[in-house]
Number of protein chains: 2
Amino acid sequence: MDVDARKLRILQAIIEDYILSNTPVGSRTLSKTSGLGVSSATIRNEMADLTEMGYLMQPHVSAGRVPSEKAYRLYVTHLMPEGLTDAERERARTFFTSRIHDMEDLLAQGAEVISELTHYTALVLTPRQSDLKVSRVQLVPVGEGRALLVIVTDSGIIRDTVLRVSGRLDDTSLYTIGRMLSERLQGLTLRQVRELLYGYAAHSDADARVLSGIADLAGQMEKQTESDRVTVGGAHCILYYPEYAEVSRARAFMAELEDRDCLISLMRQCEGQPSVLIGAETGIPAFSDCSVITAPYRVGHGHTGAIGIIGPTRMPYAHMTELMTLLGEALSEMLS
Amino acid sequence: MDVDARKLRILQAIIEDYILSNTPVGSRTLSKTSGLGVSSATIRNEMADLTEMGYLMQPHVSAGRVPSEKAYRLYVTHLMPEGLTDAERERARTFFTSRIHDMEDLLAQGAEVISELTHYTALVLTPRQSDLKVSRVQLVPVGEGRALLVIVTDSGIIRDTVLRVSGRLDDTSLYTIGRMLSERLQGLTLRQVRELLYGYAAHSDADARVLSGIADLAGQMEKQTESDRVTVGGAHCILYYPEYAEVSRARAFMAELEDRDCLISLMRQCEGQPSVLIGAETGIPAFSDCSVITAPYRVGHGHTGAIGIIGPTRMPYAHMTELMTLLGEALSEMLS
DNA sequence: GTTAGCACTCGCACTATAAGAGTGCTAACA
DNA sequence: TGTTAGCACTCTTATAGTGCGAGTGCTAAC
């Protein structure tokens, strides 16, 4: 038994009905509303087949059918007709204007703003930073044995870390050391810088001793550059969906949202291109009833972060996928 | 009619019972469990008085009594017996060790960690920064007409802002300008700096023209220094309380948590000293069934931020008040 | 002032019932 | 052979009715 054109049309109709109504779809209503031109009995037969093939499920014997994850996957991969209207498309393109100016703003407000537009819980992941190339380095004294190491990267992103340095160093020598570092490190990636610093620490030659605790510095850099950050916005949005009317579900969802590591790995999974993860595909038990739609954005030359939304598997995929892609593009423009 | 000692004891017993059980407290159970040595009838009489005086409420005529906000206020102000055990106290004192090192860590993890300990939704407010005094200033070039303005304050907090500067300025002149600024601004508060910059912009003398758009800079500083930041941790905790079993309530709560401005003003209300806001006292409709317990922490010389928890009005006030105070003190030590 | 007793109230859990939606199967039809 | 109409059956959901129990207020006695 294979999925012929009519089965596909029926499946699509069921999915789209279910996405809107959140109630199991019956054969009778479907034959009336979907305009397929066949009777409910025929649809029943097809439904029975689709159920057998794993595309539909019945909550109980006398209820209508509900699409399975397999059905959503098929829908996302092969069906998905309409996306946005022109007006919506235009709105998405200009959405970030005057709201997001730099990475800081993005982290602080991005998720919030995206969630506002989509009415889904939104996620924003910063670009992986260990691949950024150093364009200049400067040491700023901040008093009693501490200095601020400012690293400007080629895409204009600025990382800074407070370092513990030898108390003997005055402003001018720090400035000099900064210039020296700047020359040596220019063009290297943050990861290479880190490894270089670890190397210095190991050999402990004259240069290395200038700063006390080079290894420590490298460690701090590792912490800063590897730990990509993710922000969550509109967490409460999930509570508008009847799927989360039970507190216990909402609780599990919310608790998971607080696990940044988990969110980061979730977003990383689909890095670089728009992507849809359905239910179990997320790989996170607490999100096994959720779908995640992500889209990349670029900062400078090829460093990509990701934005995403998360909601019940019953999601207007066509709409949201296109929306996220557009928002990612709009964001890339804002940030470059 | 006034609140005599026995009425107080009864009220206290009711409050403490209700905090644990979350069910209206009846006269019979109270006379048995509270060890007051009076019969249920007597308690009933007293309860009737307390109800009349506004300390107790009845959900319906044949239910037990529930403490009103007025009762909680009385409890917090005049009663509140036991606090923490010695073990808990010790744990609180050493709780932050090796977790929170600087302001960044505090913002990133503080709320999360406090919520973990208390099982309440936690809030962390950064110290108000416009009162900080400048100890040094440095300009770091970051390429094509942009510079990073690093302001180190007396308590070691570092604020940095990316500025748009004239493209004609090379590294050395920026460094010089930085030194110049440093001398002029040293000892001023960030607010004074801001006003000074606005003044420069207004008079537009020779010094001012060095940086293009001084007013812009001042504006950016205002944005950075006035907008104190608040982070939320353990938002899901509220969902463990039966008061929030209804999604609509949880939703309102969660939505309000996303309004940072609201949270900031909430935390600011009780700046400087441990404080308890009960129900309507919060001044926020969405939190009118919540209580907020806050405690201050200090960074450096007298600049205070605040930590807090928020939960249902039915809260173990004695316990939590002491806990938050201790945590605030522990935090102050970590950060100085 | 305190207590025992008693009638009364009212929410809540439980049961029974009816309604409605939807299915699967069978038989007839094109 | 595919499609359709009809029908019996299933199962959820909503509604109403019922009994129980917790708790109160009042009264009268101690």
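Every chain is numbered from 1, with letters handed out A, B, ... down the list of sequences.
Ring planes of Tyr241(B) and Tyr120(B): parallel class, angle under 30° (limits at 30 and 60°).
The stretch residues 53-65 of chain B touches DNA chain C through His60(B), Val61(B), Ser62(B), each having a heavy atom within less than 4.0 Å of the strand.
With hydrogens and angles ignored, the 3.5 Å screen pairs a side-chain donor or acceptor of Arg89(A) with a backbone N or O of Leu84(A). Remark: the backbone N or O of His319(A) is not paired with any side-chain donor or acceptor of Glu322(A) at under 3.5 angstrom.
Side chains of Ser115(B) and Glu112(B): a donor-acceptor N/O pair is absent below 3.5 angstrom, by distance only. No side-chain donor from either of Ser40(B) and Arg28(B) sits under 3.5 Å from a side-chain acceptor of the other.
Taking a pair to require two hydrogen-bonding distances under 3.5 Å in either a Watson-Crick or a G-U wobble arrangement, dC11(D) pairs with dG20(C). Of the nucleotides present, dA4(C) is the one that pairs with dT27(D) by Watson-Crick or G-U wobble criteria, both distances under 3.5 Å.
The OH atom of Tyr18(A) sits 14 Å away from the P atom of dG22(C) (whole-angstrom rounding). Rounded to whole Å, atom P of dG2(D) lies 11 Å from atom CG of Asp4(A). The CG-C1' distance, from Asp17(B) to dA22(D), rounds to 14 Å in whole Å. A straight line from CG of Asp49(A) to P of dG24(C) spans 10 Å, rounded to a whole angstrom. In this structure, Arg28(B) atom CZ and dG21(D) atom P are separated by 13 Å, rounded to whole Å.
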Between Tyr55(B) and Tyr75(B), is the ring pair (Phe, Tyr, Trp, His ring centres under 6.0 Å) condition met? List the steps.
CA-CA 10 Å; Tyr55(B) 290 108; Tyr75(B) 179 75; over 10 Å; no

Dump every N/O contact between nucleotides 3-6 of chain D and the protein below 3.5 Å, one line per pair.
residue: dT3(D); atom: OP1; partner: Arg6(A); partner atom: NH1; Å: 2.6
residue: dT3(D); atom: OP2; partner: Arg6(A); partner atom: NH2; Å: 2.8
residue: dT4(D); atom: OP2; partner: Ser39(A); partner atom: N; Å: 3.1
residue: dT4(D); atom: OP2; partner: Ser39(A); partner atom: OG; Å: 3.4
residue: dT4(D); atom: OP2; partner: Thr42(A); partner atom: OG1; Å: 2.3
residue: dG6(D); atom: O6; partner: Arg44(A); partner atom: NH2; Å: 3.1

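With a 6.0 Å radius and a threshold of 12 heavy atoms from other residues, nucleotides or ligands, Arg91(B) has its CZ atom at or below the threshold.
The cationic atom of Arg251(A) (NZ for Lys, CZ for Arg) lies less than 6.0 Å from the six-membered ring centre of Tyr240(B) and within 45° of the ring axis.
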